[in-house]
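Notes follow the structure.
Keep in mind the model is a prediction, meaning the values are calculated, not measured. In listed order, ligands and their atoms are each counted from 1.
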Amino acid sequence: MSPTAEHFDVIVIGGGAAGLFCAITAGERGRRVLVIEHANRVGKKILMSGGGRCNFTHLEATPAQYLSANPHFCKSALARFTPWHFLERVNRHDIAWHEKTPGQLFCNHSSKDIVAMLLADAAAAGVTIRTGCSVVQVEHADPIRVATGQGLVTANRLVVATGGLSIPKMGASDFGYRLAAQWGLPLQPRRAGLVPFTLHPPVLAQWSPLAGTSAEVEAVIQAGDQNIGPAFRNHMLVTHRGLSGPALLQVSSFWQDGAELVINWMPGAAILEWLEQARAQTPRRKLKTLIADRLPLRLAERLEQVLADAAVPMDGTIADLSRQQMGQVEQLLGSMRFQPSGTEGYRTAEVTLGGVDTTALSSKTLEARSVPGVHFIGEVVDVTGWLGGYNFQWAWASGWAAGQAV
Ligand code: FDA
């Protein structure tokens with residue numbers, strides 16, 4: 001490596017949400033900071049997030065909405081840098097926002113507002129950003145040496161903010177995991193999260209004709225009859241490849257090979273009581289028209305077919321149903337089981353579960369215990385939020401925690 005390296009107090013590898021926020025925090029503390037980004041621009045995932053409107057935080061974010069082998073790890077950073085702190089910055093920049101569901105904040109206009117805010121604050125804090133810059137080698141020496149495609153740079157502190165594996169075409173790489181492995185840090189297994197499910201061909205053939213149909217459901221993952229993770233009530237969407245929509249993206253983070261997806265098509269309804277009531281009040285109605293009262297017609301027709309396959313007669317009246325058949329209807333509408341063939345994987349996943357094992361890091365500074373001066377932040381760490389702005393909140397909070405320490 002050339003001896004005439006440019007020196008910084010802090011080098012951040014990765015110009016995404018966490019890296020930029022860490023750089024701003026450190027820069028505002030007077031540190032001389034360099035951000036190295038291998039893509040042609042920073043913040044690409046921010047730009048595509050929230051359907052182009054960036055769901056930049058969730059006001060009710062608590063550690064309970066994060067998955068990690070150590071659920072306590074995220075507590076310190078989340079408590080010290082809260083959604084209100086981030087919102088204060090958004091408001092300072094006069095970015096118009098709205099609350100979509102309670103606590104879930106989106107830009108009114110565009111995700112570009114958040115990237116513009118970060119770039120403005122980075123410039124004001126004197127942060128140097130190099131895009132289109134690849135990292136060739138990192139050497140943990142004193143100072144830390146980073147060989148890049150644009151020359152050698154050195155720093156007293158290095159922050160690894162290279163994100164997860166999702167959406168490779170946006171610049172995602174396994175670089176952070178490889179660096180962690182290079183220094184002997186443990187890694188939790190990685191897998192795609194917040195990702196649509198795929199179905200086995202015969203099941204897909206039954207459901208894909210409904211592609212585009214959406215309904216509010218309650219979804220949960222079960223192994224045997226044990227729930228894995230919480231149940232989520234939200235929309236589900238049938239696609240050409242399988243099942244998606246926010247409720248299903250949420251539970252996908254809890255799914256493991258072999259586990260089943262269980263859908264309640266009538267969330268919040270006491271199905272048996274509803275049937276009893278219909279039997280008492282409108283005994284001559286047909287079950288299929290009753291179901292179509294509550295669900296989109298195409299979906300009601302599909303469920304009708306599923307019930308017919310289970311030998312529940314669909315042509316007779318509700319009064320014709322036996323007690324046992326009413327129980328079957330309750331079972332199928334209240335907990336229909338799917339065995340996914342898998343997920344769509346990193347191509348469409350919003351996040352990567354797993355990553356740098358938190359036992360290797362300080363929860364206060366995100367510094368690697370065995371590699372002094374090196375910090376890991378954001379999605380590369382084994383902390384993954386639910387859908388709803390929680391992942392950005394982790395990026396801001398972990399970036400802030402490291403930015404305070406470097
Ligand atoms: P991020 O991925 O943002 O940044 C990592 C950066 O490092 C990238 O710019 C990458 O190019 C760069 N990099 C990687 N390897 C490198 C290398 N070797 N050298 C140099 N640079 C390198 N979350 C949320 O809270 N609300 C939302 O609305 C959404 N919406 C959403 C939509 C979609 C389609 C996706 C894919 C994801 C979301 N998310 C989200 C998740 C959110 O985008 C994600 O959790 C954060 O961007 C993670 O921030 P990081 O900075 O850790 O990684």
Side-chain angles (χ1 to χ4, degrees), residues 11-23 34-58 61 65-67 83 86 97 100 103-107 111 114-115 118 129-138 146-150 158-179 192-196 244 246 249 253 344-353 355-356 366 375-399 402:
I11 293 174
V12 179
I13 305 181
L20 288 174
F21 206 65
C22 178
L34 170 69
V35 175
I36 299 174
E37 167 59 55
H38 69 171
N40 59 354
R41 60 191 298 183
V42 294
K44 282 194 171 182
K45 267 193 198 161
I46 302 175
L47 291 174
M48 74 190 298
S49 69
R53 294 216 168 137
C54 187
N55 175 198
F56 56 83
T57 193
H58 197 295
Q65 291 91 35
Y66 292 86
L67 289 82
F86 191 76
W97 54 267
K100 192 171 171 195
Q104 202 187 2
L105 305 192
F106 286 79
C107 296
S111 310
I114 297 293
V115 175
L118 295 172
I129 297 177
R130 279 187 199 150
T131 53
C133 183
S134 56
V135 176
V136 183
Q137 195 189 336
V138 179
V146 181
T148 79
Q150 299 176 17
L158 177 72
V159 180
V160 183
T162 46
L165 299 169
S166 11
I167 326 271
K169 67 170 194 266
M170 286 290 134
S173 82
D174 65 352
F175 187 77
Y177 308 123
R178 280 193 281 123
L179 265 187
L194 302 180
V195 60
S244 185
L249 296 182
S253 294
E344 289 189 11
Y346 294 120
R347 191 178 57 80
T348 59
E350 287 202 9
V351 289
T352 302
L353 293 145
V356 177
L366 285 296
H375 303 243
F376 287 82
I377 59 170
E379 199 177 319
V380 74
V381 178
D382 172 34
V383 173
T384 309
W386 293 0
L387 188 79
Y390 302 101
N391 284 296
F392 279 136
Q393 187 54 37
W394 169 246
W396 317 133
S398 60

Is [X] in contact with ligand 1, taking contact as a heavy-atom separation below 4.0 Å?
X: Ala349; value: yes
X: Glu37; value: yes
X: Ser134; value: no
X: Ser166; value: no

I'd like to check which ligand 1 atoms, numbered from 1 as shown, lie under 4.0 Å from a non-hydrogen atom of [X].
X: Ile36; result: 20 (C), 21 (N)
X: Gly171; result: 10 (C), 11 (O), 14 (C)
X: Asn55; result: 24 (C), 25 (O), 26 (N), 27 (C), 28 (O)
X: Ser173; result: 14 (C), 15 (N), 16 (C), 18 (N)
X: Ala161; result: 5 (C), 6 (C), 7 (O)
X: Gly378; result: 52 (O)

Polar-atom distance check: [X] versus ligand 1, any N or O pair below 3.5 Å?
X: Met48; answer: no
X: Ala17; answer: yes
X: His38; answer: yes
X: Phe392; answer: yes

Region of [X] engaging ligand 1 - heavy atom pairs below 4.0 Å:
X: Ile13; value: side chain
X: Phe175; value: side chain
X: Ile167; value: side chain

Open item on the list: With heavy-atom distances below 4.5 Å as the criterion, would you say the side chains of Ser173 and Arg178 are in contact?
Closed with: no

Measure the distance from [atom] to every protein heavy atom, then report the residue, atom name and distance (to 0.1 Å) of the closest one.
atom: atom 7 (O) of ligand 1; answer: Gly14 CA, 3.2 Å
atom: atom 44 (C) of ligand 1; answer: Glu379 OE1, 3.2 Å
atom: atom 51 (O) of ligand 1; answer: Ala18 N, 2.8 Å
atom: atom 41 (C) of ligand 1; answer: Glu350 O, 3.7 Å
atom: atom 29 (C) of ligand 1; answer: Ser49 CB, 3.6 Å

Open item on the list: Just to verify, what does Ser244 make a side chain to side chain contact (heavy atoms under 4.5 Å, CB included) with, not counting sequence neighbours?
Closed with: Pro196, Thr239, Leu249

Open item on the list: According to ring pair (Phe, Tyr, Trp, His ring centres under 6.0 Å), who are the partners of Phe21, at least two apart in sequence or on a separate chain?
Closed with: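 Result, ring pair (Phe, Tyr, Trp, His ring centres under 6.0 Å) vs Phe21: Phe81, Phe86, Trp396.
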
Open item on the list: Given Gly163, Gly399, Gly164, identify the one with the heavy atom nearest to atom 53 (O) of ligand 1.
Closed with: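 Minimum heavy-atom distance to atom 53 (O) of ligand 1 goes to Gly163.
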
Open item on the list: Quick test of your reading of the structure: of Gly385, Gly19, Cys107, Gly16, whose heavy atom lies closest to atom 1 (P) of ligand 1?
Closed with: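 Result: the heavy atom closest to atom 1 (P) of ligand 1 is in Gly16.
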
- [ ] Verify side chain to side chain contact (heavy atoms under 4.5 Å, CB included) between Trp386 and Ser253, making sure each step is shown before the conclusion.
- [x] CA-CA 8 Å; Trp386 293 0; Ser253 294; over 6 Å; no

